Amino acid sequence: MSLFNLPKVDLARPSSSSSSINNASDESTPLISKTNDEEKANIGISSTSTSPQEEQTKKPLFISILTLLISIPALVVSAGSVELAHSLTFAITLSMLSNLAQYHFHKCTKRPSDRGHWNKFGPFYLTAIAVPLATFDILRHILVDNSIWTIHSFISPAAYRPGCENENITCLSVMGWFSAIVFTYTGYACLLVGTIWAADLIPKIKKVWAQLRPSKKN
């Protein structure tokens, strides 16, 4: 035998070992692609989902933006912007106070009636009185803006005395004192007392205070 007579190898035909490696790589490729797809899906879900803490931080931000948008007409000094600011203020205040009065009435119906009618429905009556008193001054502004209530009426709606240069508390007219001071502060005082009364806040404070106080030794 000659040294140069080596066995011929068919290069076109792959060996069994290389074919097994290729099959294993082909089988592992779908698994790898599936894993990558799952990771992308998890990343997409985590990016779109928000935690409860993020939602809680978004709520005050939304309220701040809404308050800013409502106050923009008041910052722009023009007749139309002032009228819009008065209308928005009246609508928001009236809706809040009237809903609070309805809530107090619902709570008062569940209060015991053994101590009399006033003790049962007193919080609702105070809140109901607060609604027109607290919104009277804003309503006066709206009526004046739309020329429904003018200085030529039987009772003038002017909040300041004629001829007074400074528009402050010293120049308030009788209508100004009643609408801006008496009615407004009396309304909010009734609202405060009615809310505290409806929540039974004073008995709860007394109960907690009695529990926190050290017992007296005889």
Side-chain angles (χ1 to χ4, degrees), residues 59-108 118-206 209:
K59 290 180 180 179
L61 180 61
F62 174 75
I63 295 173
S64 302
I65 294 174
L66 182 61
T67 306
L68 179 61
L69 292 176
I70 293 174
S71 61
I72 286 177
L75 299 177
V76 181
V77 181
S78 64
S81 62
V82 172
E83 292 177 6
L84 179 60
H86 289 161
S87 301
L88 289 175
T89 305
F90 178 75
I92 294 173
T93 306
L94 182 62
S95 61
M96 291 177 61
L97 295 182
S98 59
N99 288 329
L100 186 60
Q102 295 176 19
Y103 173 72
H104 284 176
F105 177 77
H106 178 70
K107 287 200 68 175
C108 289
W118 171 252
N119 190 29
K120 182 177 181 178
F121 290 98
F124 165 70
Y125 291 147
L126 290 177
T127 310
I129 293 172
V131 174
L133 291 178
T135 57
F136 177 82
D137 188 58
I138 310 174
L139 180 61
R140 181 188 64 83
H141 281 288
I142 295 175
L143 296 177
V144 172
D145 294 337
N146 293 275
S147 300
I148 300 174
W149 193 3
T150 63
I151 57 175
H152 302 290
S153 302
F154 180 73
I155 298 176
S156 176
Y160 298 100
R161 298 193 306 270
C164 192
E165 298 179 355
N166 298 322
E167 293 185 355
N168 50 30
I169 193 172
T170 58
C171 291
L172 286 176
S173 63
V174 177
M175 176 57 66
W177 272 100
F178 273 95
S179 63
I181 305 297
V182 178
F183 289 165
T184 302
Y185 285 95
T186 303
Y188 282 108
C190 292
L191 178 65
L192 178 63
V193 175
T195 303
I196 294 175
W197 192 358
D200 292 328
L201 192 59
I202 295 179
K204 292 178 182 177
I205 293 176
K206 289 182 179 180
W209 177 253

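Just so it is clear, the values below take in all heavy atoms, side chains as well, and ignore hydrogens, waters and symmetry mates. Given the structure is predicted, the values throughout are model-derived calculations rather than measurements.
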(request) Output all residues satisfying side-chain contact (heavy atoms from CB on, under 4.5 Å) with L192, sequence neighbours left out; order by chain, then residue number. (result) I196
(message) Using the side chain to side chain donor-acceptor pair (under 3.5 Å) criterion, which residues pair with Y160? Sequence neighbours excluded.
(response) none
(request) Taking atom CZ of F90 as the centre, report whether more than 12 heavy atoms of other residues, nucleotides or ligands fall under 6.0 Å from it. (result) yes
(message) I need the minimum non-hydrogen distance between P123 and T127, along with the two atoms involved.
(response) O-OG1, 2.8 Å
(request) Identify, with sequence neighbours excluded, every residue that meets side-chain contact (heavy atoms from CB on, under 4.5 Å) alongside Y125. (result) H117, W118, F121
(request) Could you tell me which non-hydrogen atom of C171 sits nearest to which non-hydrogen atom of N166, and how far apart they are? (result) SG-O, 2.6 Å
(message) If I take atom CD1 from residue I92 and atom CG from residue L97, how far apart are they, to the nearest 0.5 angstrom?
(response) 11.5 Å
Using a 3.5 Å cut-off and no angle test, enumerate the donor-acceptor pairs between side-chain atoms of residues 132-139 and protein atoms at least two apart in sequence or in another chain.
from: T135; atom 1: OG1; to: V131; atom 2: O; distance (Å): 2.7
from: D137; atom 1: OD1; to: R140; atom 2: NE; distance (Å): 3.3
from: D137; atom 1: OD1; to: R140; atom 2: NH2; distance (Å): 3.2
from: D137; atom 1: OD1; to: S179; atom 2: OG; distance (Å): 3.2

(request) Name all pairs fulfilling the salt bridge (Lys or Arg N to Asp or Glu O under 4.0 Å) condition that reach into residues 118-127, sequence neighbours left out, sorted by first residue then second. (result) none
(request) State which residues pass side chain to side chain donor-acceptor pair (under 3.5 Å) with H141; sequence neighbours excluded, sorted by chain then number. (result) none
(request) Not counting sequence neighbours, list each pair that qualifies as a salt bridge (Lys or Arg N to Asp or Glu O under 4.0 Å) and has a residue in residues 151-162. (result) none
(request) For S98 and S95, indicate whether the former's side chain and the latter's backbone hold a donor-acceptor pair under 3.5 Å. (result) yes
(request) Could you name each residue pair satisfying side chain to side chain donor-acceptor pair (under 3.5 Å) that touches residues 188-198, not counting sequence neighbours? (result) none
(request) Taking the side chain as every heavy atom from C-beta outward, state whether I205 and I202 have any pair of such atoms under 4.5 Å apart. (result) no
(message) So which atom in K204 and which in A199 form the shortest heavy-atom distance, rounded to 0.1 Å?
(response) NZ-O, 3.2 Å
(message) Please enumerate all residues that pass ring-ring contact (aromatic ring centres under 6.0 Å, His included) together with W149, with sequence neighbours excluded.
(response) none
(message) Among residues at least two apart in sequence or on other chains, which ones pass side chain to side chain donor-acceptor pair (under 3.5 Å) with D200?
(response) R111
(message) As an exercise, state the distance from CG of L191 to CD1 of I129, rounded to the nearest 0.5 Å.
(response) 12.0 Å
(request) List in chain and number order the residues that pass side chain to side chain donor-acceptor pair (under 3.5 Å) with N168, two or more places apart in sequence or in another chain; answer none if no residue qualifies. (result) T170
(message) Does anything in residues 169-183 form a salt bridge (Lys or Arg N to Asp or Glu O under 4.0 Å)? List the pairs, not counting sequence neighbours.
(response) none
(request) State the CZ-OG1 distance between F183 and T186, to the nearest 0.5 angstrom. (result) 8.0 Å
(request) Any chance you could measure Y185, atom OH, to C190, atom SG, to the nearest 0.5 Å? (result) 15.0 Å
(message) Return the CH2 to NZ distance between W209 and K206, rounded to the nearest 0.5 Å.
(response) 13.5 Å
